[in-house]
Amino acid sequence: MAIFVNENTKVIVQGLTGGQGRFHGLRNKAYGTNVVGGVTPGKGGTDVEGIPVFNSVKEAVAATGADASFIAVPPKAASAAILEAAEAGVRFIVCITEGIPAQDEARVYNTLVRDYPNTRLLGPNCPGIISPGKCNIGITAGEIAELPTAKGPNVGIVSRSGTLTYQALYELKQKGIGVSTCVGIGGDPVPGTNFIDCLREFQADPDTHAIIMIGEIGGSAEEEAAEFIKANVTKPMSAYIAGVTAPEGKKMGHAGAIVSGGKGTAQGKMDALRAAGVKIGLNPTEAGELMAEIVKGL
Amino acid sequence: MDLFEYQGKQYFARFGIAVSPGGVADTVDQAVTVAEQAGYPVVVKAQVQVGGRGKAGGIKLANNADEVRLHAGNILGMDIKGHLVKRIWVEHASDIVEEYYASFTLDRAAKKHLLMLSAQGGVEIEVTAEKDPDAIIMLHIDPVVGLSAAEAHKACVDAKINPKAVDGAAEILVKLYECFTKGDCDLAEINPLIFRPDGGVHALDAKVSLDNNAAFRHPEWDEYRATEELDEREQLARTHDLQYIGLEGNVGIIANGAGLAMSTLDVVNQVGGKAANFLDIGGGANADVMTAALEVINFDKDVKSIFINIFGGITRGEEVAKGIVQALGRVELRAPIVIRLDGTNAEEGREILKSAGIPESKLISKPTMLEAARAAVALAKGN
C-alpha cells in the first residue's frame, strides 16, 4: 500500500498546456502515473501528446473520473485553480506553485476546511508526492525513488524541502531501502497538508515500517509533530532539521523558513523531536544513515 | 520586506489609520520645513530598522526651528548599531494619556489571523507577554470571515482599554485589519497606539512587514524596494535575481534548493567553519545562473573558499557540470572551489569536471556533503 496516492489514482493536470505543466505532466505520465487529462480554459478539445485537454476541472472530472489534480499554474492563478478543483469534487490536489501570497493561502486553506472537508491540498510550493512504482505527481525525478518491497521494511518520507526530499530518496536508494510514499509538504507558511496529516497515514499504512521526517526553521509544525509522535506513532523515526545556523528575521529561501522572536529555531525543533524518541541526524546524510540502522533492526 | 517607520505610517494612511501630522526629511532644511507644517513641539526620529534608537540618541524633542536644526543635524548621518541614518521623520509631538499595543499577524499553527491587543503599550509585546501575559488579548480571526466592528469593539473592552478610548481604538483595529489583509502584510503593528487628552486615538509608531509574494499586485511597493537596506553583495545578487542573504563568514555557498542551501550552512558550521552567505540557485543550474552566482560570491572580499553543493534531481549531473565549466571560463575567481555533485547522473558530471582540465588549486571534487564541507573549511582557514 501507499498513502494518499496509488496505482488507481487518476490525475488531471491544471495548466497542462503551460511550460511547467507540460514538462512535469508528461514526465509523471512517462513514470506510469495515470494522467487522464489536462485543464486549460479556452483550450478544451485539444490534446497534449494524446492527453485530452478540457476547459474546466468540472468537465475533466466528468469525462475522465479523475480524483486527483496536479496544479502547475502561476501564483496569480493558483488560488482560483485550487478552489476550482475542490468544487469539482477532486479528492487530492497537489499545488507546486511557488510565490502565492500568504493572505491568499490562508483564505484558500480556511475555505477548503469550511466548504470542502473531504478535499486534501498538498502544498503550495511543494515538490509533490510519489508512491514509487505506482504514482508520481509533481516534480520529483521518479528514478531516484527506490521501489518498495512486498515484505518490507519500507520507509515513508515527509519533508518541507524539495531538494532535501530528493536527497533523502537518493540516500535510501543507495542503501537499497524501499520507499512506500514520499510526501513533500512544501515550504510555505500555510501548507494544506502538514507533518501530522502524513504521520497519521504512515502510522496506519501496513506497508510503511519506519518514517523519515525533514523539517526546517520557522513556525511550530515540527514541535506539534513531536507531540503527535509521542502520543500516536509507534513506528521508528529519524529526522533532520535544516537551518541551525540561519540568522534571525531572514526568510531563508522558503517563505515559511524564518526564525522570529527567538521562535521556530532548528534547535528547539530537534529537542522536541528527540524528546519524542526520534533519532536526529545533524545533516541529511546522517538522517539517512540512522534510518539504515533502524531498518536493519526491523 | 520590512518598512521604515515613515513608510509604515504612509502605508497606514492609505487605509485611513490616523497618525501624527508630520513628514520625512533627508536634510536639515527639509526637517525645518516639515516641522513648521506639523507645528511645534515636534519629535525628530531617526529612520533605521533596528531597535533601541531612542537610547542611542536617535529620537529627540524640538520646540523650535533652532532645536530642529540641532537635532536633525546630529541624527542625520548617525550610526545606530551599524545602521547609517539617511532619513528622519519629523512629526508633531502628541500629548498622551495612555499607550496601547495592537498587531495583526498570521498564526501559522492555527492557520488563522491573530489580533494581539493590550492596554499596556509602549513596551515590547514580548516583555508584556513575559511579565503580565493576562494583559494581552489574543483573538483568532477566520480569514474567510474577517473582523467585524462588533468583534473589534469587544476585543478593546476585553483588553480593558479606557472606555473613553474604546470607540476610537476599535475603529483603528478594523482599519489596521484591512491594511493587514488587503495590504498583504506579514505584520501590521502599532506600538504605541495612543489615547490623547482631547479624546482622540492614533498610531504613534508603525511597524509593517510586507509579503514579498504579493508584490505583483502592489506596484506602489516599488518605492519601498528602492530604499530597502541591503548590503552591496545583496544588491548585486538582486540584479541577478538570485536568492541571496549575506552572512559574516568566509566560506562562500552555492546550492540548489532552499533546504539544501540551509543544510549546507549547517554542515559548514558543524565542521568548524562559517558561511559567508546563503545562496539558492533553484532547480536548474545552467551556465548563466552559475556564472551570476559565482560573480556575486566573488564580489565578497571575505570569501576564502567556495562550496558548491548541488543535488541533481530533474537537472542531471552532466548538465550541472557543463554549466560550472562554462561559468569558470567566464569568471576569474579569487577563491578555490570545492564541489559536491550528487544525485541523477552525478558520476557523469564528475567525469566532465575531471576532464575539463581545471587545476586542483582551483577546483576540488568531493563525494559527500560532509567531506566537501571539511575541504572548503580547511581551505578557508588557509590549510
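So you know, we letter chains A, B, ... as the sequences are listed, proteins then strands, and number each from 1. Worth saying up front: this structure is predicted, and the values here are computed from it rather than measured.
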Trainee: Kindly check if the number of other-residue, nucleotide or ligand heavy atoms within 6.0 Å of NZ (K29(A)) is above 12?
Mentor: no
Trainee: Answer yes or no: is there a donor N or O on one side and an acceptor on the other, between the side chain of Q103(A) and the main chain of F180(B), under 3.5 Å?
Mentor: yes
Trainee: Answer whether the closest heavy-atom distance between the side chains of E105(A) and D211(B) falls below 4.5 Å.
Mentor: no
Trainee: With a sphere of 6.0 Å drawn around CD of E228(B), does it hold more than 12 non-hydrogen atoms of other residues, nucleotides or ligands?
Mentor: yes
Trainee: Out of S161(A), P284(A), P189(A), return the one with the most heavy atom pairs under 4.5 angstrom to chain B.
Mentor: P189(A)
Trainee: With a 4.5 angstrom heavy-atom cut-off, is it the side chain or the backbone of A109(B) that approaches chain A, or both, or neither?
Mentor: both
Trainee: When only pairs under 4.5 Å are counted, which of S263(B), A258(B), A214(B) shares the most heavy-atom pairs with chain A?
Mentor: S263(B)
Trainee: Chain B heavy atoms under 4.5 Å from A102(A): which part of the residue, side chain, backbone, both or neither?
Mentor: both
Trainee: Can you tell me which portion of K173(A) sits under 4.5 Å from chain B's heavy atoms? Options are side chain, backbone, both or neither.
Mentor: neither
Trainee: Please flag which part of E216(A) lies under 4.5 Å from any non-hydrogen atom of chain B: side chain, backbone, both or neither.
Mentor: side chain
Trainee: So for atom CD, which belongs to Q235(B), do other residues, nucleotides or ligands contribute more than 12 heavy atoms lying within a distance under 6.0 Å?
Mentor: yes
Trainee: Work out which heavy atom in A257(A) is nearest to a heavy atom in M262(B); give both atom names and the distance.
Mentor: CB-CE, 3.8 Å
Trainee: Please state whether the side chain, the backbone, both or neither of E223(A) comes within less than 4.5 Å of a heavy atom of chain B.
Mentor: neither
Trainee: Could you report the tightest heavy-atom contact between A106(A) and L106(B), atom names first, then the distance?
Mentor: CB-CD1, 4.1 Å
Trainee: Do M252(A) and L265(B) have side chains that approach each other closer than 4.5 Å (heavy atoms only, starting at C-beta)?
Mentor: yes
Trainee: Looking at K175(A), I'd like to know if its NZ atom is crowded, meaning that more than 12 non-hydrogen atoms belonging to other residues, nucleotides or ligands lie closer than 6.0 Å.
Mentor: yes
Trainee: Answer yes or no: does atom CG of D222(B) have more than 12 heavy-atom neighbours from other residues, nucleotides or ligands under 6.0 Å?
Mentor: yes
Trainee: Can you find a pair of side-chain heavy atoms, one from D342(B) and one from Q174(A), that are under 4.5 Å apart?
Mentor: no
Trainee: Among N110(A), I144(A), L169(A), who wins on heavy-atom pairs under 4.5 Å with chain B?
Mentor: N110(A)
Trainee: Using heavy-atom distances under 4.5 Å, tell me whether D186(B) contacts chain A through its side chain, its backbone, both, or neither.
Mentor: side chain
Trainee: Locate the shortest heavy-atom distance separating R217(B) from P101(A); write the atom from each residue and the value.
Mentor: NH2-CB, 3.3 Å
Trainee: Would you give the length of the straight line joining atom CG of D280(B) to atom NE2 of H254(A), rounded to the nearest 0.5 angstrom?
Mentor: 7.0 Å
Trainee: With a 4.5 angstrom heavy-atom cut-off, is it the side chain or the backbone of L260(B) that approaches chain A, or both, or neither?
Mentor: both
Trainee: Which distance, rounded to the nearest 0.5 Å, do you find between the OG1 of T111(A) and the CG of D142(B)?
Mentor: 8.0 Å
Trainee: Do T285(A) and L370(B) have side chains that get closer than 4.5 Å, going by heavy atoms?
Mentor: no
Trainee: Tell me, out of E126(B), K111(B), K182(B), who's got the most heavy-atom pairs with chain A below 4.5 Å.
Mentor: K111(B)
Trainee: Give the minimum heavy-atom separation between R108(B) and I258(A), together with the two atoms involved.
Mentor: NH1-CG2, 4.1 Å
Trainee: Look up atom OG1 in T163(A) and atom CG in N309(B), then write down how far apart they are to the nearest 0.5 Å.
Mentor: 9.0 Å
Trainee: Above 12 or not: heavy atoms from other molecules or residues under 6.0 Å from NZ of K112(B)?
Mentor: yes
Trainee: Is the count of non-hydrogen atoms from other residues, nucleotides or ligands lying under 6.0 Å from E220(B) atom CD greater than 12?
Mentor: yes
Trainee: Indicate the atoms forming the closest heavy-atom contact of R107(A) with P143(B), along with that distance.
Mentor: CG-O, 3.6 Å
Trainee: Can you list, pair by pair, the side-chain donor-acceptor contacts under 3.5 Å of residues 241-250 of chain A, counting residues two or more places apart and other chains?
Mentor:
unit_1  : atom_1 : unit_2  : atom_2 : d
T245(A) : OG1    : D266(B) : OD1    : 2.8
E248(A) : OE2    : G261(A) : N      : 2.8
E248(A) : OE2    : G262(A) : N      : 3.0

Trainee: With a 4.5 Å cut-off on heavy-atom pairs, point out which of K76(A), R160(A), E98(A), E224(A) contacts chain B the most.
Mentor: K76(A)
Trainee: Top residue by heavy-atom pair count (under 4.5 Å) with chain B, among G256(A), G142(A), S220(A), G162(A)?
Mentor: G256(A)
